[in-house]
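Count residues from 1 along the sequence. Quantities reported herein were computed from a predicted structural model and do not represent experimental measurements.
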Amino acid sequence: MSCPIADVRIALPRFGPDHCDPVSENEARRWCRQLAWGHYENFSVLSSLVPPSLRDDFGAVYAFSRWADDLGDEIGDTQESLRLLAWWREELQACYAGSPRHPVMVALAPTVRRHELPRELFDRLISAFEFDQRKSRYDTWDESMAYCRDSADPVGRLVLMMLGESRDESLFRLSDCICSALQLTNHWQDIRRDLVERDRIYIPRDMIRIDDFERRLAETVRLGHSSDATFFDESRTMVRGLVERTWSLYEEGEPLLRAVRPQSQALIWLFAAGGMRTLRQIELWNCETVLHRPTLMKSTKLLLVAKAWWISVRAGRSDATAPLALGGAA
């Protein structure tokens, strides 16, 4: 398949609701693998930490999420996005019924069977992207956490299932803490971009103690500097409070690393460590994310990957008895 799969808008005429070219399972798996390993946002070398026997499975789940996300955010029309997301749910239903059509679903079908992945988790991801089309402001912290429960937590549960970890609810709850923290970290990192590109503000109103916040934020973004003498100081204080609450979620989820099997630790550590380093970077930028988007330097990513490799090697040693923690990631 030569279709540029990374751009949903270009791929839809060949693989959309009105027409879908037939593909073999091998072609579909290769398609998803290229999409996943070629466009993973934070660690392009993540594939080397995924067991070879699971790379196609990880690629299929990633491709499902990526397409759902892009159907919501890259179409440019709310009603059309909702129509396409409804079609994506129909494609998921066909996948579980044993008659997948779209290449992503053709690739996902053997993954679902192999790991007995519940459809409900995929449905929740689609629901989150539909929710983004209908809601752009949040009133309470609990509302923000409810969004994370659909947009982020299912991914962590699917990863644990594919890694063969116990399907224990206590383990899932630890994973949920990490995944929600990762989603929130992304929100606080992207305050400016979410407003400019999506007209979304994920900061819950009950965490905002700033008069006329939305107007002053928009004016600050337009000007490229603080809209008035006090907005920067007030917004830094606000973001600092958001960051502190997010740290508590990482801390609550930290026991996950000691609860999973040694062979799963490196991959899970890398997911969490990338988010924690980004949150620390926000702090180092003095919580000024209303204008700036702190990102990890390439050297930092390489250091994290090196640490993950050390964890992977350590997992293969019979004398590896020292406790593993996330603290060093921050």
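Checking side-chain atoms of Arg9 against main-chain N and O of Ile75 turns up no donor-acceptor pair under 3.5 Å. No donor-acceptor pair under 3.5 Å is formed between the side chain of Thr300 and the backbone N or O of Leu296. In this structure, the side chain of Thr289 engages the main chain of Trp188 through a donor-acceptor pair within 3.5 Å. Looking only at distances, no side-chain donor or acceptor of Ser175 sits under 3.5 Å from a matching main-chain atom of Leu171. With hydrogens and angles ignored, the 3.5 Å screen pairs a side-chain donor or acceptor of Ser81 with a backbone N or O of Gly72. Using a distance-only test at 3.5 Å, with no hydrogens or angles considered, a donor-acceptor pair links the side chain of Asp206 to the main chain of Trp141.
Side chains of Leu117 and Tyr96 form a contact here, defined as non-hydrogen atoms less than 4.5 Å apart. Pro103 places a side-chain heavy atom less than 4.5 Å from the side chain of Phe15. No side-chain heavy atom of Leu71 sits under 4.5 Å from any side-chain heavy atom of Phe129. With contacts defined as side-chain heavy-atom distances shorter than 4.5 Å, the pair Phe131/Asp150 does not qualify. Between Leu184 and Cys148 there is a side-chain heavy-atom pair separated by less than 4.5 Å. Leu84 is listed as a side-chain neighbour of Pro17, based on a closest heavy-atom distance under 4.5 Å. By the 4.5 Å heavy-atom criterion applied to side chains, Met276 and Trp247 are counted as neighbours. Taking 4.5 Å as the limit, every side-chain heavy atom of Asp70 sits out of range of all side-chain heavy atoms of Asp7.
In this structure, Trp285 is not a member of the same hydrophobic cluster as Leu291, with clusters built from ILVMFWY side-chain heavy atoms closer than 4.5 Å. Val243 and Ile178 fall within the same hydrophobic cluster, defined by Ile, Leu, Val, Met, Phe, Trp and Tyr side-chain heavy atoms under 4.5 Å apart, directly or through other members. Residues Leu54 and Ile311 share a hydrophobic cluster, clusters being chains of Ile/Leu/Val/Met/Phe/Trp/Tyr side chains in contact below 4.5 Å. Grouping the Ile, Leu, Val, Met, Phe, Trp and Tyr side chains by contacts below 4.5 angstrom, directly or via other members, places Phe172 with Trp269. Connection of Leu121 to Val104 is established within a shared hydrophobic cluster, with ILVMFWY side chains joined at heavy-atom distances below 4.5 Å, either directly or through further cluster members.
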Subject >> Chi angles and distances behind the side chain to side chain contact (heavy atoms under 4.5 Å, CB included) call for Ile282, Val239 >> reply: CA-CA 9 Å; Ile282 291 173; Val239 173; 4.1 Å; yes
Original post:
For Phe232 and Thr237, what are the C-alpha separation, side-chain angles and deciding distance, and is it a side chain to side chain contact (heavy atoms under 4.5 Å, CB included)?
Top reply: CA-CA 9 Å; Phe232 260 175; Thr237 299; over 6 Å; no
**OP:** Check step by step if side chain to side chain contact (heavy atoms under 4.5 Å, CB included) holds for Gln281 and Gln189.
**Re:** CA-CA 9 Å; Gln281 193 73 4; Gln189 178 190 29; over 6 Å; no
**OP:** Decide salt bridge (Lys or Arg N to Asp or Glu O under 4.0 Å) for Arg240 and Glu244; before the verdict, give the C-alpha distance in whole Å, the side-chain angles of both, and the deciding distance to 0.1 Å.
**Re:** CA-CA 6 Å; Arg240 196 166 290 113; Glu244 288 173 358; 5.9 Å; no
**OP:** Apply salt bridge (Lys or Arg N to Asp or Glu O under 4.0 Å) to the pair Arg119 and Glu91, showing each step before the final yes or no.
**Re:** CA-CA 12 Å; Arg119 176 182 162 183; Glu91 292 297 308; over 6 Å; no
**OP:** Take Arg216 and Glu219 through the salt bridge (Lys or Arg N to Asp or Glu O under 4.0 Å) test and state the conclusion after the steps.
**Re:** CA-CA 5 Å; Arg216 293 165 74 192; Glu219 183 70 4; over 6 Å; no
**OP:** Test Asp56 against Thr111 for side chain to side chain contact (heavy atoms under 4.5 Å, CB included), laying out the working first.
**Re:** CA-CA 8 Å; Asp56 280 342; Thr111 295; 5.9 Å; no
Subject >> Pair Asp69-Arg66, salt bridge (Lys or Arg N to Asp or Glu O under 4.0 Å): steps then yes or no >> reply: CA-CA 5 Å; Asp69 193 359; Arg66 174 68 184 271; over 6 Å; no
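Other residues, nucleotides and ligands contribute over 12 non-hydrogen atoms within 6.0 Å of the CG atom of Asp139. Atom CD of Gln93 has 12 or fewer heavy atoms from other residues, nucleotides or ligands within 6.0 Å.
Looking at Asp57 and Arg29, a side-chain N of the basic residue comes within less than 4.0 Å of a carboxylate O on the acidic one, giving a salt bridge. At a threshold of 4.0 Å, the pair Asp73-Arg200 counts as salt-bridged, since one of the basic side-chain nitrogens sits closer than that to a carboxylate oxygen. Ion pairing of Arg236 with Glu288 is present here, as a side-chain N (NZ or NE/NH1/NH2) and a carboxylate O approach within less than 4.0 Å. For Arg198 and Glu74, the salt-bridge test passes: some basic side-chain N is under 4.0 Å from an acidic carboxylate O. Remark: Lys135 engages Glu143 in a salt bridge, criterion side-chain N to carboxylate O under 4.0 Å.
With sequence neighbours excluded, the residues forming a side chain to side chain donor-acceptor pair (under 3.5 Å) with Arg137 are Asp199, Glu214, listed by chain and number. With sequence neighbours left out, His115 forms a ring pair (Phe, Tyr, Trp, His ring centres under 6.0 Å) with no residue at all. With sequence neighbours excluded, the residues forming a ring pair (Phe, Tyr, Trp, His ring centres under 6.0 Å) with Trp87 are His102, listed by chain and number. The ring pair (Phe, Tyr, Trp, His ring centres under 6.0 Å) search around Phe122 returns Phe64, not counting sequence neighbours.
Here the closest non-hydrogen pair linking Leu92 and Met105 is N-CE, 3.7 Å. Contact record, Pro255 with Glu251: CD-O, 3.8 Å, taken as the closest heavy-atom pair. Contact detail for Val23 and Ala28: the closest heavy-atom pair is CG2-CB, 4.0 Å. Heavy-atom minimum distance, Ala181 versus Thr246: O-CG2, 3.6 Å. Contact detail for Leu125 and Ser65: the closest heavy-atom pair is CD1-OG, 3.7 Å. Nearest heavy-atom pair across Cys32 and Gly59 is CB-O, 3.7 Å.
Side-chain atoms of Gln183 and Ser151 form a donor-acceptor pair, as typed in the model, at a separation below 3.5 Å. Residues Ser180 and Asp153 have side chains that bring a donor and an acceptor to within less than 3.5 angstrom of each other.
Atom OH of Tyr250 is separated from atom CD of Glu254 by 12.5 Å, given to the nearest 0.5 angstrom. The structure places CG of Leu249 at 11.0 Å from SG of Cys179, a figure rounded to the nearest 0.5 Å. Between the OG atom in Ser299 and the CG atom in Leu304 there is a gap of 9.5 Å [rounded to 0.5 Å].
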Less than 3.5 Å apart, which donor and acceptor atoms pair up between the side chains of residues 154-165 and the rest of the protein, not counting sequence neighbours?
from	atom 1	to	atom 2	distance (Å)
Arg157	NE	Asp176	OD1	3.1
Arg157	NE	Asp176	OD2	3.4
Arg157	NH2	Glu169	OE2	3.0
Arg157	NH2	Asp176	OD2	2.7
Glu165	OE1	Arg261	N	3.3
Glu165	OE2	Arg261	N	3.2
Glu165	OE2	Arg261	NE	3.2
Glu165	OE2	Ser264	OG	2.5

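For residues 291-300, the set of pairs meeting the salt bridge (Lys or Arg N to Asp or Glu O under 4.0 Å) definition, not counting sequence neighbours, comprises Asp190-Arg293.
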